[in-house]
Amino acid sequence: QVQLLESGGDLVQPGGSLRLSCAASGLTSDYYAIGWFRQAPGKDREGVSCISSRDGIIYYANSVQGRFTISMDKAENTVYLQMNDLKPEDTALYYCAHSAYESAIATATCRARGYGSWGDGTQVTVSS
């Protein structure tokens, strides 16, 4: 069973930066997708950025394009989310999730229903 552990969430001022980490264990295949999702109070869960381990294909939500960067360290089974120029609307609980589905691996699709294993989340709060 795949297990995921997020870290790196914090309170930061607008315009600041954070780097989130997602450490995966229990992987049984070299091919998978890892996604970062977020959920703010009263809002639906949103796919922020996803990456495929097979081809390195990446997806970014329009709301974070140009500000966030996802990367993968295959040797460490860790996926990072570098978040720059943070805005108050980025405040949310950030989750990482794993998908073994071919559709996610092939296209880095960032739909939550395609991801079967989830971490417990790390809180990001952007406030002055």
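- Using modelled atom types, no side-chain atom of Ser117 and backbone atom of His98 make a donor-acceptor pair closer than 3.5 Å.
- Tyr60 and Ile105 are members of different hydrophobic clusters when ILVMFWY side chains are connected at heavy-atom separations under 4.5 Å.
- Applying the salt bridge (charged side-chain N to carboxylate O under 4.0 Å, His left out) criterion to Glu102, with sequence neighbours excluded, gives Arg54.
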Using a 3.5 Å cut-off and no angle test, enumerate the donor-acceptor pairs between side-chain atoms of residues 14-37 and protein atoms at least two apart in sequence or in another chain.
residue: Ser17; atom: OG; partner: Asn84; partner atom: OD1; Å: 2.9
residue: Ser29; atom: OG; partner: Tyr31; partner atom: N; Å: 3.0
residue: Ser29; atom: OG; partner: Tyr31; partner atom: O; Å: 3.4

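- With sequence neighbours excluded, the residues satisfying side-chain hydrogen bond (donor to acceptor under 3.5 Å, both in side chains) with Tyr94 are Arg38.
- If you chain together hydrophobic residues whose side chains sit under 4.5 Å apart, Leu93 and Tyr115 fall into the same group.
- The OH atom of Tyr80 sits 15.0 Å away from atom OG of Ser49, with the distance rounded to the nearest 0.5 Å.
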Given the rule in the side-chain contact (heavy atoms from CB on, under 4.5 Å) test, do Met83 and Val124 qualify, once you have shown the distances and angles that lead to the verdict? CA-CA 10 Å; Met83 306 187 296; Val124 172; 3.8 Å; yes
Before you tell me yes or no, could you show the steps for Thr109 and Tyr59 under side-chain contact (heavy atoms from CB on, under 4.5 Å), namely the whole-Å CA-CA distance, both residues' side-chain angles and the distance that decides it to 0.1 Å? CA-CA 7 Å; Thr109 183; Tyr59 164 89; over 6 Å; no
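- Linking Ile, Leu, Val, Met, Phe, Trp and Tyr whenever their side-chain heavy atoms come within less than 4.5 Å leaves Tyr95 and Leu86 in two separate clusters.
- You'll find the side chain of Glu46 reaches within 4.5 Å of the side chain of Ser63, heavy atoms only.
- Shortest non-hydrogen contact noted between Gly114 and Ser99 is O-OG, 2.7 Å.
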Run the side-chain contact (heavy atoms from CB on, under 4.5 Å) test on Ile57 and Thr107 for me, step by step, so that the C-alpha distance in whole Å, both residues' side-chain angles and the decisive distance to 0.1 Å come before the verdict. CA-CA 6 Å; Ile57 295 173; Thr107 66; 5.6 Å; no
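- For residues 118-128, every residue pair satisfying the side chain to side chain donor-acceptor pair (under 3.5 Å) rule, not counting sequence neighbours, is listed here: Gln123-Thr125.
- Taking Arg111 as the reference, nothing meets the side-chain hydrogen bond (donor to acceptor under 3.5 Å, both in side chains) condition, with sequence neighbours excluded.
- Membership of an apolar cluster is not assigned to Tyr101, as no side-chain contact below 4.5 Å to another ILVMFWY residue is traced.
- Taking CD1 from Ile70 and CE from Met72, the interatomic distance works out to 7.0 Å, rounded to the nearest 0.5 Å.
- Judged purely by atom type and a 3.5 angstrom limit, Glu6 uses its side chain to pair as donor or acceptor with the backbone of Cys96.
- Annotation: Gln1, atom CD; neighbour count of heavy atoms from other residues, nucleotides and ligands within 6.0 Å does not exceed 12.
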